[in-house]
*Asks:* 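Before we start, here is the structure in question, set down as structure tokens.
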Amino acid sequence: MLRRTGQSLVVLAGVSVIVFALVHLVPGDPVRLALGTRFSQESYDALQQRSGLDQPLLQQYFTWAGRALTGDLGVSFRSGEPVTGQILERLPATLTLAFAAIVVALLIAVPLGTISALRPRSLVDRGATVLSQIGISVPDFWMGIVLILVFAGTLGWLPSGGYVPLTEDPWGWFQRLIMPAVVTGVVSGSVITRFVRSSVLEALGQDHVRTARAKGLKARQVLSWHVLRNALLPLVTVTGVQLAYLLSGVVVVEIVFSWPGLGQLALQAVQARDYPVLQGAVLLFALVFLLVNLVVDLLYSRLDPRIARR
Amino acid sequence: MRAPRLLFLGTAGALALTACSGGESVDTGNGGGSSGGDNTLVAAVSAQPDQFDPHVTSAYPSFQVLENVYDTLVVPNPEDLTMEPSLATDWETSDDGLTWTFTLRDDVTFHDGSEFDAADVVYSYDRIIDEELNNAYRFANVESVTAVDPTTVEIQVSQPTPNLPALIGGFKGMAILPEGAAEEYDLTTEAVGTGPFTLESSDAGSTELAAYEDYWGGAPSVDGVEFRYITEPAAALTALENGEVQWTDNVPPQQIESLEGNDQVELATTPSVDYWYMSMNYAREPFGNPAVRQAIATAIDRGAVTEAARFGAAEPNQTAIPEDSFFYSDYAPYDADPAAAEQLLQQAGVQTPISMGLMVTDEFPETVTAAQVIASQLEPIGIDVDVQTVDFATWLDRQSQGDFDAFLLGWLGNIDPFDYYHAQHITDGSSNYQGYSNPEVDRLLTAAASETDQDARKDLYDQAAQLIVDDASYVYLYNPDVVQAWAPGLSGYTIRPDKAINFEDVELP
């Protein structure tokens with residue numbers, strides 16, 4: 001456990017170097033962008049100095065990394081506000097959407113994948129394959145806009161987008177969550193359905209399942225005790241990966257539904273070459289991936305004690 | 001089956017956490033909530049302001065809000081953009097044109113209750129100049145700003161500067177703050193203006209303003225304004241149609257036609273002060289040759305470009321200034337004529353095919369479309385255009401390094417002819433990236449910059465514009481329309497050519 005955490009920290013340090021280098025390698029001068037098209041050389045120099053961009057790159061990195069260790073990710077070039085605060089402000093919206101989407105995804109994937117695996121090549125199985133193919137290939141912005149036009153426009157059942165905190169207006173919170181959660185959930189769900197199907201199929205073919213059947217256990221018992229338990233392992237992994245992906249901000253969906261999450265923030269930061277915000281956001285995404293991986297590993301060892309002892 | 005339960009528990013826990021730490025909610029004073037009160041205007045804008053310090057930001061989404069919060073000494077008239085009184089009631093220039101005297105209103109209070117006087121003007125302008133903020137270039141001619149008495153401000157300039165009112169009143173980047181505001185307030189998140197609305201709060205979803213009851217021009221008729229950020233135009237228009245919002249400027253030109261027959265939406269368009277143009281790099285052959293540039297200017301069918309890029313929501317133009325302006329110059333020597341263009345190329349003695357990289361940015365999608373149309377129009381005369389789409393930061397970098405054959409972009413928010421022509425075409429001008437140099441144009445532009453007689457000034461700019469067009473320093477394409485939409489029955493709002501949005505007099509249906 002300790003070794004595992006230590007590894008993660010080393011990876012994180014490496015990531016911080018790469019993040020910093022990559023962000024600074026992207027062409028485009030943030031000072032020029034911040035000033036717009038008309039400005040004087042004096043204003044350019046003044047802003048460059050204020051944002052520390054006149055310092056050598058190596059020094060910029062150590063200043064940034066040193067502060068990042070204390071939780072201070074610097075100040076946004078664009079807004080002049082602390083990056084940590086901006087990220088924390090956006091985190092609730094992203095967490096809400098990511099977890100809601102995972103719930104939607106699992107609600108779709110687990111039953112659909114299991115049924116498909118139990119009756120391979122049946123109508124249900126083929127239907128599920130086609131549906132998940134559609135779910136993966138339909139662009140999420142298109143699906144989002146169609147939902148908006150139908151449910152907010154024609155039917156008028158739901159607001160067209162936006163976000164309110166649960167504490168402020170639970171009903172409004174739920175209404176605004178439905179469409180973005182469905183769009184992101186369908187995409188993740190389509191991916192997960194296939195994993196569920198193949199891992200249930202694989203589990204079905206294993207010796208102990210045949211043994212269990214031969215012992216005369218009821219089909220339902222075999223399914224829940226022997227098959228699903230084994231199929232769970234890959235499901236945890238893929239769900240973890242999907243969750244990490246969703247937490248890093250589903251940029252397109254956040255923009256279509258005016259959902260003020262981290263994806264939106266990161267996109268704005270890229271466009272404005274807002275180095276501190278971009279670095280902070282990417283570092284956070286890396287941290288999320290590492291954390292989710294750690295949690296997945298822990299879950300693994302609970303599900304399969306053999307792994308824990310390794 | 002313990003594991004999945006654990007996962008779901010985790011989910012519930014995270015949701016609960018979300019609930020507790022949910023973004024700072026906003027009390028608008030009339031019940032709170034993002035829906036605002038009954039008499040609050042909800043305006044859908046496409047992006048979040050980056051910050052609220054008017055002297056520091058250069059972002060349009062910030063100025064959409066700040067327009068309603070801050071005042072300047074003078075303001076553009078909503079119709080023809082000539083300068084009229086705001087915080088200054090009156091102004092005059094000395095005979096030598098070097099001293100401007102502004103008389104100020106004496107009945108104005110800032111949102112924090114303090115009284116407005118000449119010291120605030122001095123403080124605000126000195127802040128821009130001393131800290132070398134982005135707008136310092138507007139004070140390039142200014143030697144000093146002094147308070148003569150509480151209601152009189154004197155500005156000394158180094159040479160006659162007839163466009164001084166346009167420079168200090170053109171937009172809210174020249175806003176007047178109370179003396180010492182930068183020390184007392186965090187101006188990136190707080191605002192202390194004299195305008196019709198006060199800044200109440202702002203987060204990642206919206207910005208809320210409340211009516212300022214003591215506004216010198218009389219309290220606004222709505223209780224407040226909520227600017228809601230909706231990036232996706234389809235979502236913004238849906239929100240307008242189903243009554244979630246009452247106003248939006250997020251209307252892409254291709255929607256205009258379908259909205260015209262829609263009685264849930266009132267549509268408004270007006271020609272803007274922006275212009276789009278193409279320019280070539282003089283340092284790269286054969287584009288330093290005027291005949292080649294003229295051939296290109298002749299081959300381009302501006303009507304077709306306008307139709308494709310703006311769905312017709314623009315005025316094709318061969319000079320920079322739009323027709324409604326006093327400074328409009330009625331000069332259009334090029335007619336879309338490929339044969340004549342080919343002839344020009346032959347006369348110039350250049351070998352075709354010529355290849356030309358045309359740099360555009362996806363930040364302004366219409367430039368990409370316009371470039372594609374231009375590429376198809378130049379192909380028949382033997383010019384192979386390679387349309388290079390880059391993001392805006394890269395675009396600006398390459399422009400400043402001279403790393404381009406040609407590019408296509410616009411100048412936005414121009415008020416005075418100085419804004420339209422000076423820095424772009426004078427030799428060594430700060431925006432003369434194409435490398436244009438014509439001594440006669442230099443002379444005309446320099447004279448026009450300090451000419452105080454309006455008619456004489458227009459004449460100088462007309463002459464300069466003709467030469468610029470003849471030399472094809474810029475190949476002008478069109479002035480786009482401002483397109484906005486609002487709820488039927490909304491009144492008291494005027495759509496403006498400079499895209500400033502002012503909700504002072506707006507009344508909800």
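Here the structure is a predicted model, which is why all the values come from computation and not from measurement. All chains are named by letter (A, B, ...) in the order of the sequence lines, taking the proteins before the strands, and each is independently numbered beginning at 1.
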*Asks:* Side chain from CB out, backbone as N, CA, C, O: work out which of these in B:E241 comes under 4.5 Å of a heavy atom of chain A, or both, or neither.
*Replies:* neither

*Asks:* Sort B:D186 into side chain, backbone, both or neither according to what part of it lies under 4.5 angstrom from a heavy atom of chain A.
*Replies:* neither

*Asks:* Roughly how far, to the nearest 0.5 Å, is the CG atom of A:L47 from the OG atom of B:S58?
*Replies:* 9.5 Å

*Asks:* Report which part of A:D29 has an atom under 4.5 Å of a heavy atom belonging to chain B: side chain, backbone, both, or neither.
*Replies:*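 For A:D29, heavy atoms of backbone and side chain both lie under 4.5 Å from chain B.
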
*Asks:* Of all heavy-atom pairs between B:T231 and A:S258, which one has the smallest distance, and what is that distance?
*Replies:* N-OG, 4.2 Å

*Asks:* Does any heavy atom of chain B fall under 4.5 Å from the side chain of A:I145, the backbone, both, or neither of them?
*Replies:*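 Contact with chain B: side chain only.
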
*Asks:* Which heavy atom of A:G28 sits nearest to which heavy atom of B:D397, and what is that distance?
*Replies:* N-OD2, 3.1 Å

*Asks:* Examine whether an atom of B:Y60 lies under 4.5 Å from a heavy atom of chain A, and if so say whether it belongs to the side chain, the backbone or both; otherwise answer neither.
*Replies:*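 Contact with chain A involves no heavy atom of B:Y60 at all.
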
*Asks:* Is there side-chain contact between A:V252 and B:E232, with at least one heavy-atom pair below 4.5 Å?
*Replies:* no

*Asks:* How many angstroms lie between atom CG of A:L155 and atom CG of B:N242, to the nearest 0.5 angstrom?
*Replies:* 11.0 Å

*Asks:* So how far is it from B:T394 OG1 to A:L33 CG, rounded to the nearest 0.5 Å?
*Replies:* 8.5 Å

*Asks:* Less than 4.5 Å to any heavy atom of chain A: does that hold for the side chain of B:Q401, its backbone, both, or neither?
*Replies:* neither

*Asks:* B:W395 versus chain A, heavy atoms under 4.5 Å apart: side chain, backbone, both or neither?
*Replies:* neither

*Asks:* Heavy-atom distances under 4.5 Å only: say whether B:T189 touches chain A with side chain, backbone, both or neither.
*Replies:* side chain

*Asks:* Considering only heavy atoms from C-beta outward, does the side chain of A:S160 approach that of B:E244 to under 4.5 Å?
*Replies:* yes

*Asks:* With rounding to the nearest 0.5 angstrom, report the CD to OH distance, A:Q41 to B:Y137.
*Replies:* 15.5 Å

*Asks:* Ignoring hydrogens, what is the shortest heavy-atom contact between A:A46 and B:E132? Give both atom names and the distance.
*Replies:*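 Scanning both residues, the minimum pair turns out to be CB-OE1, 3.4 Å.
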
*Asks:* Pick from B:V245, B:V56, B:L409, B:D419: which one has the most heavy-atom pairs with chain A under 4.5 Å?
*Replies:* B:D419

*Asks:* Might you confirm whether atom CZ of A:F195 has over 12 heavy atoms from other residues, nucleotides or ligands at distances under 6.0 Å?
*Replies:* no

*Asks:* Do you know the tightest heavy-atom contact between A:P260 and B:G205?
*Replies:*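 Nearest heavy atoms, A:P260 then B:G205: CB-N, 4.2 Å.
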
*Asks:* Between atom OH of A:Y44 and atom OG of B:S430, what is the distance when rounded to the nearest 0.5 Å?
*Replies:*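 Interatomic distance, A:Y44 OH to B:S430 OG, rounded to 0.5 Å: 14.5 Å.
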
*Asks:* For a quick test of reading the model, state the closest non-hydrogen atom pair linking B:A235 to A:V256 and the distance between them.
*Replies:* CB-O, 3.9 Å

*Asks:* Relative to chain A, which segment of B:A423 carries a heavy atom at a distance below 4.5 Å: side chain, backbone, both, or neither?
*Replies:* neither

*Asks:* Is A:R78 in contact with chain B via its backbone, its side chain, both, or neither, using a 4.5 Å heavy-atom distance?
*Replies:*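 For A:R78, heavy atoms of backbone and side chain both lie under 4.5 Å from chain B.
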
*Asks:* Which region of A:A272, side chain (C-beta onward) or backbone (N, CA, C, O), has a non-hydrogen atom less than 4.5 Å from a non-hydrogen atom of chain B, or is it both or neither?
*Replies:*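 For A:A272, there is no contact with chain B at all, as no heavy atom is under 4.5 Å.
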
*Asks:* Check this for me: B:Q254, atom CD, are more than 12 non-hydrogen atoms of other residues, nucleotides or ligands nearer than 6.0 Å?
*Replies:* yes

*Asks:* When rounded to the nearest 0.5 angstrom, what is the spacing between CD in A:Q268 and CG in B:D50?
*Replies:*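 So the CD of A:Q268 and the CG of B:D50 are separated by 9.5 Å.
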
*Asks:* With the threshold set at 4.0 Å, does a side-chain nitrogen-carboxylate oxygen contact exist between A:R90 and B:D203?
*Replies:*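 Between B:D203 and A:R90 there is no salt bridge, as every charged N stays at least 4.0 Å from the carboxylate O atoms.
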
*Asks:* Need one label for B:Q48: side chain, backbone, both or neither, based on atoms under 4.5 Å from any heavy atom in chain A.
*Replies:*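 When you check distances to chain A, atoms from both the backbone and side chain of B:Q48 fall under 4.5 Å.
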
*Asks:* Under a 4.5 Å heavy-atom cut-off, does chain A meet the side chain of B:L412, its backbone, both or neither?
*Replies:* backbone

*Asks:* Can you say whether A:E42 sits under 4.5 Å from chain B via the side chain, the backbone, both, or neither, judging by heavy atoms?
*Replies:*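 Both the backbone and the side chain of A:E42 come within 4.5 Å of chain B.
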
